[in-house]
Amino acid sequence: MNTLLNLVQRHKAGDKNGIYSVCSAHPLVIEAALTQALSDDSLLLIEATSNQVDQFGGYTGMTPVDFRNFVLEQAEALHFPTENLILGGDHLGPNRWQHLAVEEAMNNADVLITAYVAAGFKKIHLDCSMSCLGDPIPLSDAIVAERAARLAKIAENTAINVFGASDLVYVIGTEVPVPGGAAEELAELKVTSAEAANETIRSHKEAFAKVGVSSCWSRVIGLVVQPGVEFDHTGVIDYCSEKAQALSDVVNHHDHLIFEAHSTDYQTDKAYKALVDDHFAILKVGPALTFAMREALFNLCDIEAEIVPKAHCSNLKEQIEKQMCDAPEYWNKYYQGNESQQRFARCYSFSDRIRYYWPDQNIHAAQSKLFDNLTRAGIPLPLLSQYLPEQFHAVREGQISADPKTLVLEKIRQVLRSYAKACKLNKD
């Protein structure tokens, strides 16, 4: 049995358990996630999005096979048991090709789904909610479901052809606003209505039957809705359980369905527990992990500036700013305001558009130089206390070493531990 099916069955039986989904392709984030799950002796769900990874390479330059191999190599290096590792594909559909006519966009989506499934990804989020060239805005539930069913049929056929059988699990639906955080400031979000959630389920079930894949409907484990959580550049909208009770009740009427909550980054520990208790049992996290990583790296830059001669510093911050200004396409539609406000957002926005730039060779080289400089010089404890106080205490208590990479990994793991605790994955 697919391990996610087992997890869902336990939740439906009253365990109030869940799982977090790591949506990142950064090596340090993946290593931190593997290390945390190893410490917790838990399952680990890692997902690639259609922006990050596709048949053409996505913005990471990786195909699904490349991403699988990349994660498996890290897992092997850390002696992480592969039976505890689940790979998923997020927002798989025509997302990357909205500028194309629908049939061309969907043909690309067909190939995308085939590539993910053939590479061994077991959790597939079917998301055909986006309008393509010439489509009405927004699309009707029927059109979205019809396109999702088309992809489900391709996924099932691919799994059978490649592996002899299909144990894929599916997630349907999408969240509002767009993936990766809102582009504008938000004051409040409207929770998805129970009626809308039920219509998404009904239309997809009907569409699956129409294309002959009713047999996999029991493996549709997740429904993406808007539970009322989101973040923008400087603020977070916190989960309010009282407002989501009618929605929460929807999955009680389906014996194989839970909710998948997107954009849960930056919520409180209390909110994570409430989300899982209310059946939002798959919690997606991405920008909060690279945000924590960026915080740690910037703090290490501040330490570097205190102990390394200026001529020999890594200039990591400056290299990031230069690259983001030279190639603004990943942030300029998101960050508004004057030059000063945009500069602030490039560095510190919760939406963390920096995450698109880490693969750049010059930035990677600067990060390596930062680590080398601090490894050679050694990080004085007073500066560690000044710039990374929580990691300072972990070092003093003998839990971690004070080398720069370990400090960054620990900063990322702080975020993951909050999720693990809410999902009952943490042994503590």
Side-chain angles (χ1 to χ4, degrees), residues 21-33 46-64 66-67 70-71 89-93 95-99 112 127 130 175 177-184 230-234 262-263 265-266 284-298 301 314-337 341-368 370 408 411-412 415:
S21 170
V22 173
C23 300
S24 177
H26 195 286
L28 289 175
V29 172
I30 300 300
E31 182 173 347
I46 296 176
E47 299 204 48
T49 72
S50 56
N51 285 327
Q52 292 171 325
V53 173
D54 65 19
Q55 64 267 42
F56 305 110
Y59 74 76
T60 63
M62 287 189 281
T63 65
D66 295 332
F67 185 84
F70 157 67
V71 174
D90 198 24
H91 295 290
L92 300 187
N95 181 40
R96 291 274 284 177
W97 304 287
Q98 295 175 54
H99 62 288
L112 177 73
D127 183 6
M130 57 290 298
E175 87 282 16
V178 295
E184 70 284 344
E230 188 53 84
F231 56 92
D232 56 31
H233 303 315
T234 60
H262 290 215
S263 299
D265 308 71
Y266 313 110
K284 306 299 282 286
V285 56
L289 300 174
T290 45
F291 183 90
M293 181 188 77
R294 192 272 313 154
E295 277 189 318
L297 288 169
F298 277 22
C301 287
S314 64
N315 299 313
L316 175 61
K317 289 183 183 180
E318 293 79 6
Q319 191 59 244
I320 291 171
E321 175 68 4
K322 179 181 184 303
Q323 183 59 27
M324 292 185 79
C325 290
D326 287 349
E329 59 268 21
Y330 291 117
W331 62 264
N332 60 355
K333 291 187 293 186
Y334 291 81
Y335 298 158
Q336 309 303 318
Q341 291 168 322
Q342 288 183 347
R343 183 181 177 87
F344 175 87
R346 286 195 296 271
C347 287
Y348 302 114
S349 168
F350 281 141
S351 64
D352 189 50
R353 306 302 293 183
I354 291 178
R355 69 185 187 275
Y356 291 91
Y357 294 86
W358 291 113
D360 176 76
Q361 289 185 351
N362 292 327
I363 291 175
H364 182 73
Q367 178 191 304
S368 296
L370 171 68
V408 175
K411 185 78 171 175
I412 300 167
V415 178

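Hydrogens, waters and symmetry mates play no part in the numbers below; they use all other heavy atoms, side chains included.
For T60 (side chain) and Q52 (main-chain N/O), a donor-acceptor pair under 3.5 Å exists by modelled atom type. A donor-acceptor pair is defined here as one N or O able to donate and one able to accept, closer than 3.5 Å; no such pair exists between the side chain of D127 and the backbone of G93. Of the possible donor and acceptor atoms, none in the side chain of T49 sits under 3.5 Å from a partner among the backbone N and O of D90.
Contacts of A365 classified as side-chain contact (heavy atoms from CB on, under 4.5 Å), with partners at least two apart in sequence or in another chain: none. For F298, the ring pair (Phe, Tyr, Trp, His ring centres under 6.0 Å) test picks out no residue, with sequence neighbours left out. Every ring pair (Phe, Tyr, Trp, His ring centres under 6.0 Å) that Y266 has, sequence neighbours left out, goes to F231, F291, F350. Remark: S24 engages no residue in a side-chain hydrogen bond (donor to acceptor under 3.5 Å, both in side chains) (not counting sequence neighbours). With sequence neighbours excluded, no residue satisfies ring pair (Phe, Tyr, Trp, His ring centres under 6.0 Å) with F56. In terms of the side-chain contact (heavy atoms from CB on, under 4.5 Å) criterion, residue partners of A33 (sequence neighbours excluded) are, by chain and number, V22, L44, L416. Residues passing the side-chain hydrogen bond (donor to acceptor under 3.5 Å, both in side chains) test with E31 are K405, sequence neighbours excluded. Applying the side-chain contact (heavy atoms from CB on, under 4.5 Å) rule to T63 yields the partners V65, D66; only residues at least two apart in sequence or on another chain are considered. With sequence neighbours excluded, the residues forming a side-chain contact (heavy atoms from CB on, under 4.5 Å) with E318 are N315, listed by chain and number. Partners of D54 according to the side-chain hydrogen bond (donor to acceptor under 3.5 Å, both in side chains) rule, which considers only residues two or more places apart in sequence or in another chain, are R96. The side-chain hydrogen bond (donor to acceptor under 3.5 Å, both in side chains) check on E321 picks up R343, R346, with sequence neighbours excluded. With sequence neighbours left out, the ring pair (Phe, Tyr, Trp, His ring centres under 6.0 Å) criterion links W331 to no other residue.
For the pair R353 and Y335, the cation does not sit on the ring face, since its NZ or CZ is not both under 6.0 Å from the ring centre and inside 45° of the axis.
In plain terms, the two heavy atoms of S351 and P287 that are nearest each other are O-CB, 4.1 Å. Among all heavy-atom pairs drawn from D265 and K284, the shortest one is OD1-O, 4.1 Å. Taking each heavy atom of I412 and L289 in turn, the nearest pair found is CG1-O, 3.9 Å.
In this structure, Q361 places its CD atom where only 12 or fewer heavy-atom neighbours from other residues, nucleotides or ligands lie under 6.0 Å away. The environment of H26 atom NE2 is dense: over 12 non-hydrogen atoms of other residues, nucleotides or ligands sit within 6.0 angstrom.
No side-chain heavy atom of I320 sits less than 4.5 Å from a side-chain heavy atom of R294. Contact check for Q341 versus H233: no side-chain heavy atoms found under the 4.5 Å cut-off. Here the side chains of W97 and L112 are in contact, with some heavy-atom distance below 4.5 Å. Considering only heavy atoms from C-beta on, I354 stays 4.5 Å or farther from T290 through its side chain. Contact check for V408 versus Q367: no side-chain heavy atoms found under the 4.5 Å cut-off.
By the 30° and 60° cut-offs, the orientation of the rings of Y357 relative to Y330 is perpendicular.
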Practice item. Show your working on side chain to side chain contact (heavy atoms under 4.5 Å, CB included) between M324 and Y356 and close with a plain yes or no. Key: CA-CA 9 Å; M324 292 185 79; Y356 291 91; over 6 Å; no
